[in-house]
Asks: 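Got a structure here, written out as structure tokens. Questions coming.
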Protein chains: 2
Amino acid sequence: MNDESTKERILLTAGPIFAKNGFQATTVREISEAADVNLASINYYFGDKQRLYVEVIKAARDNQSGQMSFSAIPSEAPPNMLLEKFVAILLRKLGVGIEPDWQMQLLVREFLHPGEACQEIVEAYFRPYFEMLLKIIDRLANVPLTSAVRLQLGFSLIGQCLHYRLAGPIIHMFVEKVEWEENFGTEELARHIAQFTIGGIAAVVSRAEPTVNRN
Amino acid sequence: MNDESTKERILLTAGPIFAKNGFQATTVREISEAADVNLASINYYFGDKQRLYVEVIKAARDNQSGQMSFSAIPSEAPPNMLLEKFVAILLRKLGVGIEPDWQMQLLVREFLHPGEACQEIVEAYFRPYFEMLLKIIDRLANVPLTSAVRLQLGFSLIGQCLHYRLAGPIIHMFVEKVEWEENFGTEELARHIAQFTIGGIAAVVSRAEPTVNRN
DNA sequence: ATTGCAGTTAAACAGTTGTTTAATAGACTG
DNA sequence: CAGTCTATTAAACAACTGTTTAACTGCAAT
């Protein structure tokens, strides 16, 4: 049994547990038992619990970087369709309506309570996809936007998607069961969010560009 | 020193601490020290830590119910203005751009990780204001909407506002300092979100009501 | 004066937690 | 073969955590 196997096994086991429990509520005993390694191995390989966590975060980031691929979307497609596809993929990755993989769950946790690895994650992972979204927004707007407006449009869309991920149980309380099943699947939500956002962009653009008279 | 004073003091002291740390990371020793009461008092008055937490949540709810008042908004005002005012107030209550009071901070924590008091909070606190938002949306839409569409429109607005609250530090990483100061104050965000949402509503309505030809 | 109750308290308790220690075994090198 | 290094391990350690216990005080009622 070589060192890569034990160390690797700890990493792979710790990920889902940290994702489920968060850092504070996860014990090194739970991890060691689940990984079937001795308790002291964690300190041997990682130094302490916090450093294990940081390594797990980095592993989650590295694992996700190659997977949240939007290459399935043809870039010559109309921007409306681009946006809807982007939203659908984002909702799925966030785990709306399905169980998210632990990497994304962990990244969302880190996102909400930024720790020492956060800056890195943002640059390596979130920014490329946010830039992609901003490009879609540029095409939808069809006029030059100030940086601030452009960012705010991006955040407006991300906020809608995140809401379904973060407040899922609460949202569930406001929606009847039948209604939920018919109207709140991932595709339906993606359609709604995309439509809403397209309208939102048009409204903000028409306000931001006084020389364009749309009425 | 009567019992109301000690019990009350524990409650008032525990609130901000639970809000800052969350339930798991808050120790009864921290609370008892901060409240300057004996450790055993917490068990004496509340039975255990979990029950103290539930009482604190209820106190936060009761404290907020009377305070998130939208009565400053004249109900005969145009719906556009109603919406913008609603958003501005909501952002402020969520603590966007300012330090939230501990009650709202605690309620948001509960919102993200629903516990045993959650159903009650939703009914007592969130639903009334959500219903108010839905009425504003009705007026903006100006046609009858299905329940699902109506709810989704409401969630789209709430999601945008919550995003600024929950992901504030991450958002801050995407925005230049100057830009942040000029364009991301509460009033600016409220204007953006309101405009975006008005446009979004119009777009969704025009899709949801095929007999309305807007082009 | 005695008893009962409520409130307060320090200490003790039992369990939990992350970390450290020291021993052991295996592999490799000179 | 001896020494060194790495990996593994059980036990111990020290601190922390929520809870319980028993003693004490003050007050009110009899």
Asks: Are any of A:Thr6's side-chain N or O atoms less than 4.0 Å away from OP1 or OP2 of D:dT8?
Replies: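 So the side-chain polar atoms of A:Thr6 do come within 4.0 Å of the phosphate oxygens OP1 or OP2 of D:dT8, strictly under.
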
Asks: Just how far, in rounded Å, is C1' of D:dC13 from CG of A:Asn43?
Replies: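 Those two atoms, CG and C1', are 13 Å apart.
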
Asks: Where along residues 30-38 of chain A does a heavy atom fall under 4.0 Å from DNA chain D?
Replies: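 Heavy-atom contacts with DNA chain D come from A:Asn38.
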
Asks: Please collect all salt bridge (Lys or Arg N to Asp or Glu O under 4.0 Å) contacts where either partner lies in residues 145-170 of chain A, sequence neighbours excluded, each pair once.
Replies: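 Non-adjacent pairs meeting salt bridge (Lys or Arg N to Asp or Glu O under 4.0 Å): A:Asp138-A:Arg150.
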
Asks: The side chain of B:Ala40 is closest to which nucleotide in this list: D:dT21, D:dT19, D:dT8?
Replies: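 Nearest listed nucleotide: D:dT21.
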
Asks: In whole Å, I'd like the distance from the OH atom of B:Tyr44 to the P atom of D:dT20.
Replies: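 Taking atom P of D:dT20 as the reference, OH of B:Tyr44 is at 15 Å.
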
Asks: Mind calculating the distance between OH (A:Tyr45) and P (C:dT19) to the nearest angstrom?
Replies: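 Those two atoms, OH and P, are 17 Å apart.
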
Asks: Provide, to the nearest angstrom, the distance between the CG atom belonging to A:Leu52 and the P atom belonging to C:dG18.
Replies: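 Nearest whole value for this atom pair: 11 Å.
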
Asks: Does any N or O in the side chain of B:His163 come within less than 3.5 Å of the main-chain N or O of A:Ile158, such that one atom is a donor and the other an acceptor?
Replies: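 Absent.
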
Asks: Who pairs with B:Glu188 by salt bridge (charged side-chain N to carboxylate O under 4.0 Å, His left out), at least two apart in sequence or on another chain?
Replies: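 In terms of salt bridge (charged side-chain N to carboxylate O under 4.0 Å, His left out), with neighbours along the sequence ignored, B:Glu188 is linked to no residue.
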
Asks: B:Ile17 CD1 to D:dG18 P: how many Å, rounded?
Replies: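 Rounded to whole Å, this separation is 12 Å.
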
Asks: So, using salt bridge (charged side-chain N to carboxylate O under 4.0 Å, His left out) as the criterion, who are the partners of B:Glu123 when residues are at least two apart?
Replies: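 Listed in chain order: B:Arg127.
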
Asks: When the distance from NZ of A:Lys49 to C1' of C:dG18 is rounded to whole Å, what number comes out?
Replies: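 The distance from NZ of A:Lys49 to C1' of C:dG18 comes to 8 Å, rounded to the nearest Å.
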
Asks: Tell me the bend of the helix from C:dA1-D:dT30 to C:dG30-D:dC1 as the angle between end helix axes, each from five pairs, rounded to the nearest 10 degrees.
Replies: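 Rounded value for the end-axis angle: 30°.
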
Asks: Which is true for A:Ile42 with a 4.0 Å heavy-atom rule: it touches a base, it touches only sugar-phosphate, or it touches nothing?
Replies: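 No contact.
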
Asks: Please report the closest heavy-atom contact between B:Lys93 and B:Asp101, naming both atoms and the distance.
Replies: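 In this case the closest contact between B:Lys93 and B:Asp101 is NZ-OD2, 3.6 Å.
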
Asks: May I have the distance from A:Phe46 (atom CZ) to C:dG18 (atom P), rounded to whole angstrom?
Replies: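 It is 15 Å, rounded to the nearest whole Å.
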
Asks: Test of understanding: with side chain to side chain donor-acceptor pair (under 3.5 Å), list the residues that count as partners of A:Ser156, not counting sequence neighbours.
Replies: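 Here the qualifying residues are B:Gln160, B:His192.
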
Asks: Under the side chain to side chain donor-acceptor pair (under 3.5 Å) test, which residues partner B:Tyr164, sequence neighbours left out?
Replies: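 With sequence neighbours excluded, B:Tyr164 shows a side chain to side chain donor-acceptor pair (under 3.5 Å) to no residue whatsoever.
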
Asks: Which residues within residues 18-29 of chain A lie with some heavy atom under 4.0 Å of an atom in DNA chain D?
Replies: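 Here the set is empty: none.
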
Asks: Run the side chain to side chain donor-acceptor pair (under 3.5 Å) test against A:Arg92 and tell me which residues pass, sequence neighbours left out.
Replies: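 Per chain and number, A:Arg92 pairs via side chain to side chain donor-acceptor pair (under 3.5 Å) with A:Glu187.
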
Asks: Return the set of residues passing side chain to side chain donor-acceptor pair (under 3.5 Å) with A:Arg51 (not counting sequence neighbours), or none when no residue passes.
Replies: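 None.
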
Asks: Which class fits the ring pair B:Phe155 and B:Phe130: parallel under 30°, tilted 30 to 60°, perpendicular over 60°?
Replies: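 Correct class here is parallel.
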
Asks: Sequence neighbours excluded and cut-off under 3.5 Å, please list the side-chain donor-acceptor pairs for residues 168-177 of chain B, or say none.
Replies:
{"from": "B:Lys177", "atom 1": "NZ", "to": "B:Glu181", "atom 2": "OE2", "distance (Å)": "3.2"}

Asks: Cut-off 3.5 Å, no hydrogens considered: what does the side-chain donor-acceptor table look like for residues 24-31 of chain A, sequence neighbours left out?
Replies:
{"from": "A:Thr26", "atom 1": "OG1", "to": "A:Ile17", "atom 2": "O", "distance (Å)": "3.4"}
{"from": "A:Thr26", "atom 1": "OG1", "to": "A:Gly22", "atom 2": "O", "distance (Å)": "2.7"}
{"from": "A:Thr27", "atom 1": "OG1", "to": "A:Glu30", "atom 2": "N", "distance (Å)": "3.0"}
{"from": "A:Glu30", "atom 1": "OE1", "to": "A:Asn21", "atom 2": "ND2", "distance (Å)": "3.2"}

Asks: Check the distance between C:dT19's P and A:Ile10's CD1 and give it to me in whole angstrom.
Replies: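 To the nearest whole Å, that distance equals 13 Å.
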
Asks: Looking at the side chain of B:Asp48, which of D:dT9, D:dT6, D:dT19 is the nearest nucleotide?
Replies: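 Shortest atom-to-atom distance from the side chain points to D:dT19.
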
